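First up is the structure itself, then whatever we jot down about it.
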2 protein chains.
Amino acid sequence: MSALLSIGTIAFDDIYTPHGEVKMIEAGSCTYIAMAATQLCQPVQLVSIIGDDYDQDFLNDLKKRGADLDGVEVVKGGKSFYWAGKYHDDMMGRDTLDTQLNVLEHFEPKLPPAYRKTDYVMLGNLSPDVQSSVIDQMETKPKLIALDTMNFWMDIAMESLKKVLKRVDVLIINDEEARQLSEERSLLKAAAKIVEMGPKILIIKKGEHGALLFNGDKIFSAPALLLPKVVDPTGAGDTFAGGFMGYLASTDDTSFENLKRAIIYGSAMASFVVEDFGTRRMQTITRSDIDGRVGQFVELMGVDL
Amino acid sequence: MSALLSIGTIAFDDIYTPHGEVKMIEAGSCTYIAMAATQLCQPVQLVSIIGDDYDQDFLNDLKKRGADLDGVEVVKGGKSFYWAGKYHDDMMGRDTLDTQLNVLEHFEPKLPPAYRKTDYVMLGNLSPDVQSSVIDQMETKPKLIALDTMNFWMDIAMESLKKVLKRVDVLIINDEEARQLSEERSLLKAAAKIVEMGPKILIIKKGEHGALLFNGDKIFSAPALLLPKVVDPTGAGDTFAGGFMGYLASTDDTSFENLKRAIIYGSAMASFVVEDFGTRRMQTITRSDIDGRVGQFVELMGVDL
């Protein structure tokens, strides 16, 4: 088992969905990645920034799960990153109601010495320059660097994004983002263009339609489980990424066959997180729950041809 | 190998897509179903209606492929069903430019005696009453009756549609239609409701996202191949249905495992038809082309967990 290093946000969210609302719930990309990845591998070394207003019980629980918080900077008197959003009735779209960067505004990640030789690195959704500064600080070349990003950075920081893309092995984005980044409608053409930008492995998330994995001329299509009820989609993508990278670090195998397995583990993790608000559902799952859901994927996809 | 009976339209289409246009091309649900199904099983007994304006060479070719045209009524002096449509630039939507029912307006299908004991029946997209009249004429209970329909019939003939649904084993519709029919957004809930309406087997087509198969508490998710170029999506659904039912008739096996295989064969057939206008591509494929594409599905879906 290898360690996993992850950068991302640790935030408070207010979330409104047709199924209810929560205020100041623990969230953020680093939080979701850590909750998923620690189910599969330890330690998960976190790089983030919070104010001293953050929930200490929650952080202690993360530690118990196998997260290393030495790389989480705590700003005295600072306020943690805050986001509020409301999902549409069909749960497909959402509106951002409020964003307060707070301590995140001046975030300059500094990796503790123990993090600088880690083999698996997950760059959660943040500005491409901040993601790049993590790679700068690595003392040995990681076996696999994965990057998550979003349309926001394509809109305002495309050049920086293109620079960091040259330095990573895996890009994890959704279908809309793949089309925006490549300026191609066909996902096949989009994938070919994006792979030329740097990441030799591309994962395109399609929400309820599953995910596609591209590596060289090989393609894998993973379905999504059909869920009776989605309570809160927030963090599904981060949780997928955390499960994916957690599985790879735990098995220390980056073959195409194992990348496919990692996609299924990531998808299984994402299928849990949406069942309740924030990371609540992730706090209750066991390894046997995860294996059970991976078994559902096997049934859903299995065909003897 | 069992025979397959199929009802549907035999039409002339004018089709405009971003890749070009064709006029008066041979099309219609029965045509597409026959072109796909005859690749896998013979005979495919067609029930349809045309005018004496239809292309005799095309009909002779269909016969050579294993279609039985005894159930195709030819109206002296009549004009064949005609449809014209234009696809949007993104190929996702289309506008109907013209529809001329012509001989289809007074279509009352009469099954030749040789058709009335056929085990596999495909009711292509037509009015639910016309579909029902085929079942009325069967002298033995078929092993499997599948029905295709569309939102148009839900809008204007929902009661008739619900009646015929009680009499069929398989319903093949797309995701939008499943949501309209069930009044549920979740496809899982939609499937549960639709199965209560009659068909114990439900296939939900999701276009570029593949297809879902529901049977009891079992679900199978099939991906779609990623195609470099879609020239003309017309008939993809009918071709899928033809491949699906052709495979089932050829293997004479309606187990869940075989239904899954049939979905892959249907999907493979649909991946060919969109590569050119009308049925042009279907006229050139061989069994080895089909097996090759089924092999692509195996690679696309295969994961060892």
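Naming convention: chains lettered A, B, ... in sequence-line order (proteins, then strands); numbering from 1 in each chain. Since we're looking at a predicted model, the values are computed, not measured.
- Comparing B:Ile219, B:Ile263, B:Val294 by how many heavy-atom pairs each has under 4.5 Å with chain A, the most go to B:Ile219.
- Using a 4.5 Å cut-off between heavy atoms, B:Ile264 contacts chain A through its side chain alone, with no backbone atom that close.
- Within 6.0 Å of CD in A:Glu299 there are 12 or fewer heavy atoms belonging to other residues, nucleotides or ligands.
- Looking at A:Ser186, only its side chain comes within 4.5 Å of chain B, counting heavy atoms on both sides.
- When all heavy atoms of B:Ala270 and B:Ala236 are compared, the closest pair comes out as CB-O, 3.6 Å.
- Both the backbone and the side chain of A:Asp90 come within contact range of chain B, each with at least one heavy atom under 4.5 Å from a heavy atom of that chain.
- Counting only N and O atoms by type, the side chains of B:Thr234 and B:Tyr32 include no donor and acceptor under 3.5 Å apart.
- Within the 4.5 angstrom heavy-atom criterion, no atom of A:Phe256 approaches chain B.
- For the set B:Met91, B:Glu257, B:Met301, the count of heavy-atom pairs under 4.5 angstrom toward chain A peaks at B:Met301.
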Residue pair A:Arg185, B:Glu208: steps toward the salt bridge (charged side-chain N to carboxylate O under 4.0 Å, His left out) verdict
CA-CA 12 Å; A:Arg185 212 203 112 70; B:Glu208 63 167 332; 3.6 Å; yes
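- Among the candidates B:Lys206, B:Lys189, B:Lys229, the residue making the largest number of heavy-atom pairs closer than 4.5 Å to chain A is B:Lys206.
- At distances below 3.5 Å, not a single donor-acceptor pair connects side-chain atoms of B:Glu177 with backbone N or O atoms of B:Lys205.
- Ranked by non-hydrogen atom pairs under 4.5 Å with chain A, the options B:Gly302, B:Ala222, B:Gly210 are led by B:Gly302.
- Proximity to chain B (any heavy atom under 4.5 Å) is shown, for A:Gln296, by neither the backbone nor the side chain.
- If you measure heavy-atom distances from A:Lys260 to chain B, the contacts under 4.5 Å come from both the backbone and the side chain.
- Of the atoms belonging to A:Leu300, heavy atoms from both backbone and side chain fall under 4.5 Å from chain B.
- A donor-acceptor contact shorter than 3.5 Å links the side chain of B:Gln42 to the backbone of B:Thr38.
- Environment of CG in A:Asp95: crowded, with over 12 heavy atoms of neighbouring residues, nucleotides or ligands closer than 6.0 Å.
- B:Val273 is not listed as a side-chain neighbour of B:Phe240, based on a closest heavy-atom distance of 4.5 Å or more.
- Contact annotation for A:Arg261: both backbone and side-chain heavy atoms come within less than 4.5 Å of a heavy atom of chain B.
- If you measure heavy-atom distances from B:Tyr265 to chain A, the contacts under 4.5 Å come from the side chain alone.
- Heavy atoms closer than 4.5 Å to chain B are found in the backbone of A:Leu227, but not in its side chain.
- The candidate from B:Asn258, B:Val230, B:Leu213, B:Asp304 with the greatest count of non-hydrogen atom pairs under 4.5 Å with chain A is B:Asp304.
- Shown are B:Leu181, B:Ile172, B:Ile173, B:Val170; of these, the side chain to side chain contact (heavy atoms under 4.5 Å, CB included) with B:Leu202 is made only by B:Ile173.
- In this structure, a donor-acceptor pair under 3.5 Å is present between the side chains of B:Asp289 and B:Thr286.
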